[in-house]
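Positions are given from 1 along the sequence. Numbering of ligands and ligand atoms starts at 1, following listing order. FYI, side chains are in, hydrogens and waters are out, and symmetry mates aren't considered; it's all heavy atoms of this structure.
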Amino acid sequence: MHKRVMVALDVNSKTEALAMRDALGSSVGWLKVGLRLFVAEGPSLIADLTRTHKVFLDLKFHDIPNTVAQAIESAGGLGVQMVNVHAGGGKPMLEAAAKAAQAFPDMLLIAVTVLTSDTMPKEQALKVALERAKLAKDAGLDGVVCSVHEAGQIKEVCGADFITVTPGIRWGNQDRQDQQRIADPKMAVEHGSDYLVIGRPILHAKSPADAATEAVTMMESASC
Ligand code: C5P
């Protein structure tokens with residue numbers, strides 16, 4: 001189960017990122033590099049992280065098809081195992097991204113459907129997420145980022161092999177902060193999430209490795 005946990009390295013420097021990587025050790029399989037860290041430290045950090053973990057480059061590309069395709073090629077050159085685009089970019093952009101990603105068979109390409117922080121009503125989020133997931137599937141992407149609340153229906157419509165990556169994970173009495181559509185690790189597994197993205201509940205824990213292990217234990221208690 002730990003191989004299905006992605007820790008969002010939302011820290012500001014390479015020093016902090018490597019310290020967190022070391023603190024986590026082998027308690028999780030993936031590290032996620034997002035806007036904050038990538039803008040601060042750039043590609044050289046990626047090489048350090050891919051030595052010990054799989055890396056998800058979460059930059060949510062959203063631009064014209066040609067620009068996004070070129071960005072996917074650059075991401076592939078960094079040796080990351082997952083990269084994403086925003087499905088709001090439309091079908092031609094998704095198709096261009098999928099075509100560019102073909103040169104990197106070991107890199108998964110996924111699309112953000114609706115941000116888990118979006119305040120739109122749940123029913124509307126589900127509708128939009130399903131539409132965008134179908135679009136991504138038709139364009140040849142490997143899966144989507146969605147909330148746990150949409151993961152099951154996306155699997156039903158797009159197939160069991162279509163990957164679902166779910167942020168918005170909280171458990172116990174943790175603060176939801178800016179997240180809206182949250183769920184705990186057990187529920188995430190039961191609803192068909194393949195990968196759980198966890199940031200602040202692990203980053204701000206006294207022991208990040210213990211918090212990660214706690215999440216994994218809850219995943220293992222899932223009834224499926
Ligand atoms: O700290 P927290 O667990 O809320 O972090 C969630 C992570 O997932 C952040 O890095 C955020 O950028 C990312 N993310 C998200 N919702 C999406 C896609 C990515 O929260 N739809």
Side-chain angles (χ1 to χ4, degrees), residues 4-13 16-17 20-21 23-24 27-41 45-46 49 53-62 75 80 82-89 94 108-120 122 124-133 135-136 141-151 154 163-185 187-188 191 193-205 208 211-212 214-216 218-219:
R4 291 167 61 179
V5 175
M6 301 175 146
V7 174
L9 284 181
D10 294 328
V11 295
N12 213 18
S13 68
E16 283 174 88
M20 183 54 65
R21 186 268 310 266
L24 289 164
S27 62
V28 299
W30 288 74
L31 300 172
K32 183 177 85 65
V33 175
L35 289 168
R36 182 183 186 188
L37 187 56
F38 196 77
V39 170
E41 293 291 354
L45 172 70
I46 303 294
L49 299 178
H53 292 77
K54 291 190 174 182
V55 173
F56 170 18
L57 186 62
D58 175 24
L59 300 181
K60 304 181 183 67
F61 300 137
H62 191 172
V80 297
M82 183 182 281
V83 67
N84 63 357
V85 297
H86 200 298
L94 292 172
L108 296 166
L109 174 64
I110 59 168
V112 175
T113 53
V114 180
L115 294 174
T116 41
S117 59
D118 198 297
T119 52
M120 72 172 74
K122 263 190 187 172
Q124 194 188 342
L126 175 63
K127 189 171 167 278
V128 178
L130 276 170
E131 279 168 13
R132 290 185 172 167
L135 203 63
L141 275 75
D142 298 300
V144 286
V145 184
C146 60
S147 90
V148 167
H149 304 274
E150 295 115 35
I154 287 175
I163 294 168
T164 53
V165 177
T166 60
I169 304 295
R170 296 289 185 273
W171 64 95
N173 53 7
Q174 288 166 353
D175 190 347
R176 68 168 60 218
Q177 289 140 327
D178 52 355
Q179 296 287 10
Q180 295 293 329
R181 303 189 319 284
I182 58 170
D184 71 33
M187 190 177 159
H191 282 68
S193 169
D194 294 302
Y195 295 103
L196 282 65
V197 174
I198 312 178
R200 288 161 289 186
I202 287 179
L203 296 182
H204 298 169
E214 199 184 349
V216 170
M218 289 181 78
M219 291 165 74

From Lys60, His204, Arg200 - option closest to atom 18 (C) of ligand 1 by heavy atom: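 Selected option, by shortest heavy-atom distance: Lys60.
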Pro167, Ala8, Ala129: member with heavy atom nearest to atom 15 (C) of ligand 1: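 Nearest heavy atom to atom 15 (C) of ligand 1 lies in Pro167.
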Contact check: Gly199 vs ligand 1, nitrogen or oxygen atoms, below 3.5 angstrom: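 Yes; at least one N/O pair falls below 3.5 Å.
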Separation of Ile163 CD1 from Leu141 CG (nearest 0.5 Å):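 Nearest 0.5 Å value for the CG-CD1 distance: 10.5 Å.
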Atoms of ligand 1, numbered as shown, that sit under 4.0 Å from any heavy atom of Pro201: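 Listed by number with element, the hits are 3 (O).
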Proximal atoms of ligand 1 relative to Arg170 (non-hydrogen, under 4.0 Å):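 Near Arg170, the atoms of ligand 1 are 1 (O), 2 (P), 3 (O), 4 (O).
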Shortest protein heavy-atom distance from atom 7 (C) of ligand 1, along with the residue and atom involved: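 Here the closest protein heavy atom is Val197 CG1, 3.8 Å.
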Which residue and heavy atom of the protein sit nearest atom 20 (O) of ligand 1, plus the separation: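 Protein heavy atom at minimum distance: Gln179 NE2, 2.9 Å.
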Test item, Ser147 contacting ligand 1 (heavy atom, 4.0 angstrom):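 For ligand 1, residue contact (heavy atoms, under 4.0 Å) with Ser147 is absent.
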Arg36 bridged to Asp58 by N-O distance under 4.0 Å: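 Answer for the salt bridge query: no.
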Flag for Thr119-Gln180: side-chain donor and acceptor within less than 3.5 Å: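 There is no such pair between these side chains.
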CA sep, side-chain torsions, deciding dist, call: Leu35, Leu59, side-chain contact (heavy atoms from CB on, under 4.5 Å): CA-CA 6 Å; Leu35 289 168; Leu59 300 181; 4.0 Å; yes
Any side-chain heavy-atom pair of His86 and Phe61 under 4.5 Å: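 Of all side-chain heavy-atom pairs linking Phe61 with His86, none is under 4.5 Å.
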